[in-house]
Amino acid sequence: MHDLHTTVAAWYARHARDLPWRRPGTTPWGVLVSEVMSQQTPVARVAPVWEQWMERWPRPADLAAASPADVLRAWHGLGYPRRALRLRECAAAVAGRFAGEVPEGEEELRSLPGVGDYTAAAVASFAHGRRALVLDTNVRRVLTRVSEGRALPPPALTVAERAHAAGLLPADPALAVRWNEGVMELGALVCTARSPRCPQCPLADRCRWRLAGSPPDADAPRRRTQAWHGTDRQARGRVMARLRALPDGASLAEEELLAGLTAADPQQPQRALAGLLADGLVGQPAPGRYALPS
DNA sequence: GAGACGTGGGG
DNA sequence: TCCCCAAGTCT
């Protein structure tokens with residue numbers, strides 16, 4: 001029976017995925033880009049996009065100089081395209097306010113567009129080797145199971161969770177980094193949300209949830225199932241797909257752009273377009289014409 | 001704090 | 001086919 005941290009670190013050393021941004025030579029900016037791309041998006045889908053992205057725009061200044069249209073097209077498949085625009089703004093902020101160097105402190109990191117608590121901690125820890133509390137959904141799930149004996153963490157991060165996780169974070173920065181990446185990876189590969197691979201888990205012998213027989217979600221209020229069909233979000237996605245597919249320099253009139261998007265609510269397509277315009281995801285190269293923002 | 005915000009793959 | 005999601009952030 002090994003110490004918790006040693007056990008996780010040993011498991012990570014043996015089972016960590018060979019993700020492109022974990023390879024030697026990856027810059028702090030590359031790590032930041034990987035974290036933003038991975039927000040709510042499966043890592044397997046991020047990897048190939050990240051490689052092309054970093055080859056095309058290796059430094060913050062390169063991305064800041066790119067057109068929103070190119071950035072949005074390169075983002076294809078990752079979802080939540082507003083993240084792409086924010087990442088470009090983030091690049092401009094790093095290039096400008098921070099002389100092209102990704103800041104090391106969580107406070108400064110959080111001041112960047114698209115960087116919240118999780119991403120700031122992840123970049124501080126994984127890119128700079130700092131001691132930071134990385135609390136993503138994977139870590140929360142692992143700790144909830146091992147320590148609380150429950151199947152899933154509450155919908156929103158609680159102060160109790162934060163305190164518990166903080167107490168587990170090693171004091172030594174290098175050990176803290178290993179712990180962070182180890183627990184995250186364990187949650188991503190073994191202690192998964194749907195079908196956890198408990199027989200392969202290095203913590204199975206001390207997991208309260210496992211020891212209790214892996215009881216299904218007690219009564220914890222689950223997040224409401226994500227609304228989708230017939231939503232504005234779906235309509236927005238369709239509009240963006242059409243614009244991304246347009247040849248460079250081409251544009252569409254509103255009727256062409258929204259044709260066939262009729263929904264239960266006849267106002268929806270236009271509402272979606274208005275929202276995209278407001279978000280800067282759609283541009284108007286000429287009056288009444290629409291395209292990706294230049 | 002609740003709700004908005006995409007996409008494509010797996011079970 | 002249909003449902004459920006996957007390294008959150010912003011308002």
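Chain letters run A, B, ... following the sequence lines, proteins first, then strands; residues in each count from 1.
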Q. Rounded to the nearest Å, what distance is computed from the CD atom of residue Gln234(A) to the C1' atom of nucleotide dG3(B)?
A. 18 Å
Q: Answer yes or no: does a side-chain N or O of Arg236(A) lie under 4.0 Å from OP1 or OP2 of dG6(B)?
A: yes
**Q.** Distance in angstrom units between Asp217(A) CG and dC4(C) P, rounded
**A.** 13 Å
Q: Assign Val115(A) to base, sugar-phosphate, or nothing according to its heavy-atom contacts below 4.0 angstrom with the strands shown.
A: sugar-phosphate
Q.
Counting the atoms with a prime plus P, OP1 and OP2 as sugar-phosphate, which does Leu19(A) contact under 4.0 Å by heavy atoms, base, sugar-phosphate, or nothing?
A. base
Q. With a 4.0 Å cut-off on heavy atoms, is Gly116(A) in touch with a base, just the backbone sugar-phosphate, or nothing at all?
A. sugar-phosphate
Q | Distance, rounded to the nearest Å, where Arg110(A) contributes CZ and dG8(C) contributes P | A | 17 Å
Q) Could you give the distance from CZ (Arg88(A)) to CG (Asp70(A)), rounded to the nearest 0.5 Å? A) 10.0 Å
Q) Taking atom P of dA7(C) as reference, at what distance in whole Å does atom CD of Gln39(A) sit? A) 12 Å
(Q) With nearest nucleotide decided by heavy atoms, which residue, Arg194(A) or Thr41(A), maps closer to the 5′ end of DNA chain B? (A) Thr41(A)
Q) How would you label the contact of Asp117(A) with the nucleic acid (heavy atoms, under 4.0 Å): base, sugar-phosphate, or nothing? A) sugar-phosphate
Q. So what does Arg17(A) hit on the nucleic acid, given a heavy-atom distance under 4.0 Å: a base, only sugar-phosphate, or nothing?
A. base
Q: May I have the distance from Asp279(A) (atom CG) to dT11(C) (atom C1'), rounded to whole angstrom?
A: 11 Å
Q) Can you check whether Arg244(A) has a side-chain N or O nearer than 4.0 Å to OP1 or OP2 of dT7(B)? A) yes
(Q) It should be established whether Gln40(A) places a side-chain nitrogen or oxygen under 4.0 Å from OP1 or OP2 of nucleotide dG8(C). (A) yes
Q: Name the nucleic acid region contacted by Ser195(A), choosing base, sugar-phosphate or nothing; use a 4.0 angstrom heavy-atom cut-off, strictly under.
A: nothing
Q) Is there a donor N/O on one and an acceptor N/O on the other, under 3.5 Å, for the side chain of Arg45(A) and the base of dT7(B)? A) yes
Q. How is Ala44(A) classified with respect to the nucleic acid when contacts are heavy atoms under 4.0 Å: base, sugar-phosphate, or nothing?
A. nothing
Q. Can you tell me how far C1' of dG8(B) sits from CZ of Arg238(A), to the nearest Å?
A. 14 Å
Q) Is there side-chain contact between Leu203(A) and Arg145(A), with at least one heavy-atom pair below 4.5 Å? A) no
Q. So, is Thr137(A) near the phosphate of dA6(C), with a side-chain N or O under 4.0 Å from OP1 or OP2?
A. no
Q | Polar contact flag, side-chain donor to acceptor under 3.5 angstrom, Thr231(A)-Arg236(A) | A | no
**Q.** C1' gap between dG6(B) and dC5(C), integer Å
**A.** 12 Å
**Q.** Below 4.0 Å: OP1/OP2 of dG6(B) and any side-chain N or O of His76(A)
**A.** no
Q) How long is the line joining CG of Leu157(A) and P of dA2(B), in whole Å? A) 14 Å
Side-chain donor-acceptor distances from residues 173-181 of chain A under 3.5 Å, at least two apart:
from      : atom 1 : to        : atom 2 : distance (Å)
Asn180(A) : ND2    : Ser125(A) : OG     : 3.1
Asn180(A) : ND2    : Ala132(A) : O      : 2.9
Asn180(A) : ND2    : Ala176(A) : O      : 3.3

**Q.** Touch class at under 4.0 angstrom, heavy-atom based, for Trp21(A) against every strand present
**A.** base
